[in-house]
Amino acid sequence: MEQIAKVIVDVPTMQTNSPYSYLIPQEFLNQIQVGMRVIVSFGKGNRKVQGMVVGIDDDKSFDGKLKEIDSIMDLQPVLNTELLKLSGYLAESTFSFAITCIQTILPNALKVKYEKELVPATTINDADKAQIFGGQKRLLFESDQLTTQQLSRLLKLKKANQIKINYLVQDRAKAKTEIQIKRTPNVSFLREEFDSIRKGAVQQERLLNYLVSMGEKQVSQSDLIEAADVSSATIKSGEKKKWLTRSRVEVLRDPFKHEVTRTQPLKLQPDQQNAVDAISEKINHSEYSPFLLEGVTGSGKTEVYLQSMAQALSENKTALMLVPEISLTPQMVNRVKARFGHQVAVLHSGLSDGEKYDEWRRIERGDAKVVVGARSAVFAPLNNIGIIIMDEEHETSYKQDESPRYHARDVALWRGKYHGCPVVLGSATPSLETRARAEKGLVTRLLLPNRINHQSLPAVSVVDMKNEISQHKESNFSTELLDAIKLRIQRKEQIVLMLNRRGYSSFIMCRDCGFVLMCPNCDISLTLHMDTHSMKCHYCGHEEAIPKICPNCQSHKIRYYGTGTQKVETELKELLPDARVIRMDVDTTRRKGAHEKLLDEFGNHEGDILLGTQMIAKGLDFPNVTLVGVLNADTSLGIPDYHSSERTFQLLTQVSGRAGRAEKAGQVIIQTFNPDHYAIQLAKSQNYEQFFAYEMKIRHESNYPPYYYAVQITTNAATEAEAAKLMFKIAKQAREVLSDQAIVLGPTPQTIARIKKRYYYQLIIKYKKEPQLNELLTKVLKNSQKLGRNAAKVSINPNPVSFM
DNA sequence: AGCACGCCGACT
DNA sequence: GTCGGCGTGCTC
């Protein structure tokens with residue numbers, strides 16, 4: 001008799017990170033399945049928590065007395081076998097709690113809300129009852145809303161059993177419903193009814209008229225209200241008079257309100273055809289196979305994706321396509337929808353939890369066979385996947401920077417293996433890691449060396465800003481760039497200007513004493529935000545007024561430094577008063593849909609210059625853009641991280657691809673203080689292969705990935721000493737276990753040593769093969785939990801995307 | 001996480 | 001003497 005369920009409870013700690021056994025009560029005996037969410041009593045207070053059933057058996061090895069499962073939250077499993085296994089893989093490979101991984105895989109709407117309510121016991125005296133409950137039957141218990149006196153009083157009453165606490169688990173997964181109206185089939189009855197309504201009942205008259213003419217189809221109540229111009233009250237009375245029937249129906253939000261025009265597959269170039277053939281063969285044979293699709297901007301990668309996905313669909317399989325969040329623009333999404341229509345589900349951060357849940361269910365029940373989405377879409381509940389595509393595979397945003405710190409590429413490869421399907425990693429500038437794996441034959445390389453209509457790559461020139469600065473006053477614009485901009489405006493062509501702002505933004509500094517306004521909680525300077533007229537901290541959200549005089553020396557010469565887009569925009573307006581500038585940065589795109597709106601404006605030539613940060617480098621295609629300017633190529637080079645050259649090269653190559661995509665020739669001007677740096681020189685010649693060879697040599701010499709694996713361990717504590725002490729202890733443990741081949745960097749304070757009033761220390765371990773390491777790290781994590789709540793905390797980040 | 005148990009300071 | 005501070009350990 002299988003009557004014991006193994007449940008992972010929703011308590012994310014190390015001590016509760018394994019399944020707990022619960023008895024399955026009689027009434028659920030044949031209903032509970034693995035992958036369902038349940039509610040169980042947990043702990044001494046029997047508080048209710050959500051749990052995930054991960055196994056069912058009759059193993060009674062637990063020698064305490066078992067509790068029963070309280071209730072089931074799902075009618076059918078929300079996690080299938082594959083995704084459950086995947087959660088295990090995630091937990092193990094990222095050193096995360098099983099429950100955290102499960103909740104990462106499931107849509108947010110399936111995460112419950114916990115509430116507590118107070119209920120008076122029958123024995124409570126009237127005075128207490130009246131004072132606490134004030135006539136109400138129950139009271140929501142929010143401890144942070146109560147004073148300590150109130151709290152202790154409640155606790156006392158609870159101890160005396162005068163008050164009961166009810167634990168509530170609220171499921172937020174509500175399917176959206178709407179009211180559907182169907183008229184009575186008896187039309188002659190409706191005609192007769194005209195006579196029976198009161199004179200002047202215009203709404204009822206309009207409703208009758210509409211019902212008579214509407215036919216037998218069902219309409220939603222909201223549509224009816226609009227179309228017949230009646231109120232919902234009128235409709236309700238229509239129901240009473242038997243003119244119509246109302247019923248509540250579950251609806252799946254239709255993302256295809258505005259149908260896109262369908263497109264047909266394009267004729268492929270020979271290189272594209274080779275790629276599609278190679279991928280299709282693996283689809284047809286249900287064979288796991290990782291590919292690297294390497295092609296410059298405009299070489300037609302997207303068409304290869306689309307036709308490969310079409311192949312999977314024709315084999316009655318499904319397709320998963322991942323793109324960086326930033327390029328999940330309507331431009332991109334529409335290309336997929338135009339090919340596959342209503343079979344496409346799109347998952348992106350713009351959707352509400354409810355909308356995401358709707359899409360998730362469409363995928364799960366098989367209504368959507370093609371999924372397009374950003375990082376977390378890699379967990380889409382598709383069955384029978386025929387192909388997984390990851391566009392711009394080098395993008396670092398594919399790695400999640402909170403627990404579970406997974407890389408979507410690893411998950412994609414895992415799922416590819418599980419389903420037996422090709423995984424296509426596409427990029428113009430592949431990550432060294434993937435490109436190196438291709439070199440070793442672990443990944444099959446597919447090349448698209450030519451641009452589709454044989455346009456030449458844009459001409460790239462590099463301007464040495466050191467000369468510029470010495471010649472004239474400080475400016476963000478070199479003479480060469482400014483002249484080029486003027487020329488395009490004259491010719492009514494468009495310009496994209498990129499401000500490479502990674503790591504920097506405008507901060508305030510006193511010109512007399514050098515004082516920089518810092519965040520009181522974090523070791524970072526506050527950033528100037530002109531839109532809200534305030535100084536903000538990008539890490540903890542602290543906000544304060546812009547100082548008018550220096551808080552340190554009272555000087556009035558306190559000015560902002562660094563180059564923000566706002567400052568550049570101001571300078572542009574001074575230099576070129578007639579140019580229309582569209583600024584795109586975190587401030588102007590914060591509102592939902594603002595991003596698209598600005599791009600549309602630029603596309604309609606309502607602006608001459610698109611000025612923005614990194615976000616304009618990706619996936620935009622504006623044929624009228626003939627000039628791309630990079631104002632400061634160096635800022636990303638200056639970051640003390642082994643990735644900085646790779647990032648800079650990728651960024652410059654990518655933004656250069658924005659110039660001259662149509663018949664007009666493009667030009668790119670890169671301003672830099674390091675004109676001779678190889679990343680900039682090789683971006684100038686757009687030579688990925690040479691960059692790859694050179695950078696690999698450097699990584700080899702200095703023992704960096706992809707020659708070594710890396711793991712980053714960080715500690716944080718309320719004081720610097722505590723964080724450091726724990727980190728040194730871990731470092732000592734690590735050195736004892738590791739072989740001579742491993743390289744330990746640190747411990748060192750993190751680049752931003754203090755965030756939200758906590759101090760951070762880190763340790764990097766570079767290694768090739770350390771069978772003991774995983775065990776050690778797990779032990780370190782377990783020990784850190786024993787240290788108690790207020791002690792220093794440890795977190796582990798395998799294969800970090802940067803060492804900072 | 002949240003609850004109970006248990007051991008020390010400052011109060012009716 | 002007790003009330004209540006929060007450090008510690010456990011939850012099927």
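Residue numbers begin at 1 in each chain, while the letters A, B, ... track the order of the sequences. Side chains included, hydrogens not; waters and symmetry mates left out as well; all remaining heavy atoms used. Every value quoted in this text rests on a predicted model; they were computed, and no experiment measured them.
- Contacts of A/Y167 with the nucleic acid, taken as non-hydrogen atoms under 4.0 Å apart, involve only primed sugar atoms and P, OP1 or OP2.
- What separates CD1 of A/I163 from P of B/dC3 is a distance of 14 Å, to the nearest Å.
- The interatomic distance linking A/Q15 (CD) with B/dA1 (C1') rounds to 10 Å, in whole Å.
- Regarding A/I4, its CD1 atom lies at a distance of 10 Å from the C1' atom of C/dC12, rounded to whole Å.
- For A/L66, the side-chain atoms get nearest to C/dC12 when compared with the rest of B/dA1, C/dC12, B/dC3.
- With 3.5 Å as the limit, one finds a donor-acceptor pair spanning the side chains of A/Q762 and A/Q712.
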Item to check | From CA spacing to verdict: ring-ring contact (aromatic ring centres under 6.0 Å, His included), A/F42, A/Y20 | outcome: CA-CA 10 Å; A/F42 194 66; A/Y20 282 74; 5.2 Å; yes
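- Comparing C/dC12, C/dG4, B/dA1 by their closest approach to the side chain of A/Y20 singles out C/dC12.
- The CD1 atom of A/I102 lies 13.0 Å from the CZ atom of A/F97; values are rounded to the nearest 0.5 Å.
- Straight-line distance from the CD atom of A/E115 to the C1' atom of B/dA1: 16 Å, rounded to whole Å.
- Residue A/K65 is in sugar-phosphate contact alone, with no base atom involved, counting any heavy-atom pair closer than 4.0 Å across all strands shown.
- Straight-line distance from the CG atom of A/L155 to the P atom of B/dG2: 14 Å, rounded to whole Å.
- Comparing C/dC12, C/dG4, B/dC3 by their closest approach to the side chain of A/K156 singles out C/dG4.
- Base engagement by A/F62 is indicated by at least one non-hydrogen atom pair under 4.0 Å involving a base atom.
- Taking atom OH of residue A/Y22 and atom C1' of nucleotide C/dT11, one finds them 8 Å apart after rounding to whole Å.
- One interatomic measurement links the two molecules: CZ of A/F42 to P of B/dG2, which rounds to 12 Å at whole-angstrom precision.
- Residue A/K44 has its side chain nearest to B/dA4 when only C/dC12, B/dA1, B/dA4 are considered.
- Here the nucleotide nearest the side chain of A/K116, chosen from C/dT11, C/dC12, B/dC3, is B/dC3.
- The phosphate of B/dA4 (OP1 or OP2) has a side-chain N or O of A/K158 nearer than 4.0 angstrom.
- Separating the CG atom of A/D59 from the P atom of C/dC12 is a distance of 17 Å, rounded to the nearest angstrom.
- In this model, no donor atom of one side chain and acceptor atom of the other lie less than 3.5 Å apart for A/Y761 and A/N716.
- For the residue pair A/T715 and A/K793, no side-chain donor N or O sits within less than 3.5 Å of a side-chain acceptor on the partner.
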